[in-house]
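Only one structure is covered here, and it is reproduced in the block below.
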Amino acid sequence: MSFMLLGILNSQASGGEFVTNFDLLATTQLTSSATSISLTGLNTYTDYDHLQLRVSATVNNTSNSVNSVSVRVNGDSGSNYSHYAAIADGSSVQDAYNYNTSSFSIEKTLVGQSATNLNKFGSFILDFYDFRNTSKKTNFRGIGGNVANEARVALYGGVWNNTSAITSLQVVELADIGFGIGTRVSLYGYKGAV
């Protein structure tokens, strides 16, 4: 084993600088269709440095289309979001950069409940760093994808152009046809350097 690898393993074992666990703060699973899901009261989680949003969802329609999702911070629908996505579908890679938009667009993630895609879900995970820090704008990174007939995997990154602490997150299905039954949104908190 190299000295570099031993150093990395020893630093992780000491627990000083690395994230070691996530605590579940809130979770919602739909028993009926909904066009949006909100998580509020995030300012009460003062023991945590960062938030992680985990979404496993389906779209309430019968098409084969792959839909996008919107995430808003603190109910802000102004032109205050900038984000990037790199999306791969097995034969090509697409990229998308959006700035001064009204939300974070988590593109090509969710799956319609067609006969082909029945009971298949798309998912994504977003990390929001230093969500209580009011001296800088909030950054996020994430990963997502689906395994339907239009299977994709994507990487996301972006910034909310505001220095307010995050107090709420809203996940919105962009086509206004609704999230399907079984869609789950969970929020985790974690501490430490990233």
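One-based numbering along the sequence shown.
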Note to self: If we ignore hydrogens and angles and just use 3.5 Å, is the side chain of H83 paired with the main-chain N or O of W160 as donor and acceptor?
What the structure shows: no

Check: Is any side-chain heavy atom of F22 closer than 4.5 Å to a side-chain heavy atom of Q52?
Finding: yes

Note to self: Do I181 and L30 have side chains that approach each other closer than 4.5 Å (heavy atoms only, starting at C-beta)?
What the structure shows: no

Check: Roughly how far, to the nearest 0.5 Å, is CG of L53 from CG of L42?
Finding: 9.5 Å

Check: Hey, what do you get for CG (D23) to CG (L187), rounding to the nearest 0.5 Å?
Finding: 11.0 Å

Next item on the list: Examine distances only and state if a side-chain atom of S77 and a backbone atom of S102 form a donor-acceptor pair shorter than 3.5 Å.
Entry: no

Next item on the list: Output yes when a side-chain donor or acceptor of N74 lies under 3.5 Å from a complementary backbone atom of S168, and no otherwise.
Entry: yes

Note to self: What's the separation between atom CZ in R184 and atom CD1 in I37, rounded to the nearest 0.5 Å?
What the structure shows: 11.0 Å

Checklist line | Side chain to side chain, V73 and N162, heavy atoms closer than 4.5 Å | finding: no

Notebook entry, point to check: From T167 OG1 over to L39 CG, what is the distance, rounded to the nearest 0.5 angstrom?
Noted result: 11.5 Å

Next item on the list: Please round to the nearest 0.5 Å and tell me the distance separating atom CZ of R72 and atom CD of Q170.
Entry: 6.0 Å

Checklist line | Criterion side chain to side chain contact (heavy atoms under 4.5 Å, CB included) on V171 and L169, from CA distance to verdict | finding: CA-CA 7 Å; V171 183; L169 293 170; 5.7 Å; no

Check: Looking at side-chain heavy atoms only, is the closest gap between D130 and K136 below 4.5 Å?
Finding: yes

Notebook entry, point to check: Is there a chain of hydrophobic side chains (I, L, V, M, F, W, Y, each step under 4.5 Å between heavy atoms) that links V69 to I143?
Noted result: no

Next item on the list: Indicate, with yes or no, if Y45 and I166 share a hydrophobic cluster defined by side-chain heavy-atom contacts under 4.5 Å among Ile, Leu, Val, Met, Phe, Trp and Tyr.
Entry: yes

Note to self: Return the CG to CZ distance between L155 and F124, rounded to the nearest 0.5 Å.
What the structure shows: 14.0 Å

Check: Take atom OH in Y97; do more than 12 heavy atoms of anything else shown fall under 6.0 Å from it?
Finding: yes

Margin query: Minimum heavy-atom separation for L51 and G189, please, with both atom names.
Written below: CD2-CA, 4.4 Å

Margin query: Any non-hydrogen side-chain atom of S91 less than 4.5 Å from a side-chain atom of D89?
Written below: yes

Margin query: Whether D47 and K191 form a salt bridge (side-chain N of Lys/Arg under 4.0 Å from carboxylate O of Asp/Glu) is what I want to check.
Written below: no

Next item on the list: State whether the side chain of T138 and the backbone N or O of F131 hold a donor-acceptor pair below 3.5 Å, judged by distance alone.
Entry: no

Check: Step by step, would you call S123 with S56 a side chain to side chain donor-acceptor pair (under 3.5 Å)?
Finding: CA-CA 4 Å; S123 61; S56 175; 5.6 Å; no

Check: When clusters are formed by joining ILVMFWY residues with side-chain heavy atoms under 4.5 Å apart, either directly or through shared neighbours, do V71 and I125 land in the same one?
Finding: no

Checklist line | Within one Ile-Leu-Val-Met-Phe-Trp-Tyr cluster: L24 and Y190, side-chain cutoff 4.5 Å | finding: yes

Check: Just by distance, do the side chain of R141 and the backbone of F128 share a donor-acceptor pair under 3.5 Å?
Finding: no

Next item on the list: For the residue pair R132 and D49, establish whether any side-chain heavy-atom pair is separated by less than 4.5 Å.
Entry: yes

Check: T101 side chain to Y81 main-chain N or O, any donor-acceptor pair under 3.5 Å?
Finding: yes

Next item on the list: Taking the side chain as every heavy atom from C-beta outward, state whether L25 and Y48 have any atom pair closer than 4.5 Å.
Entry: yes

Item checked: Closest approach of L126 to G142 (non-hydrogen atoms, all atoms of both residues) -> CD2-CA, 3.8 Å

Margin query: Taking the ring centre of each residue, are F104 and F140 less than 6.0 Å apart?
Written below: yes

Check: Any chance the side chains of T27 and S186 put a donor and an acceptor closer than 3.5 Å?
Finding: yes

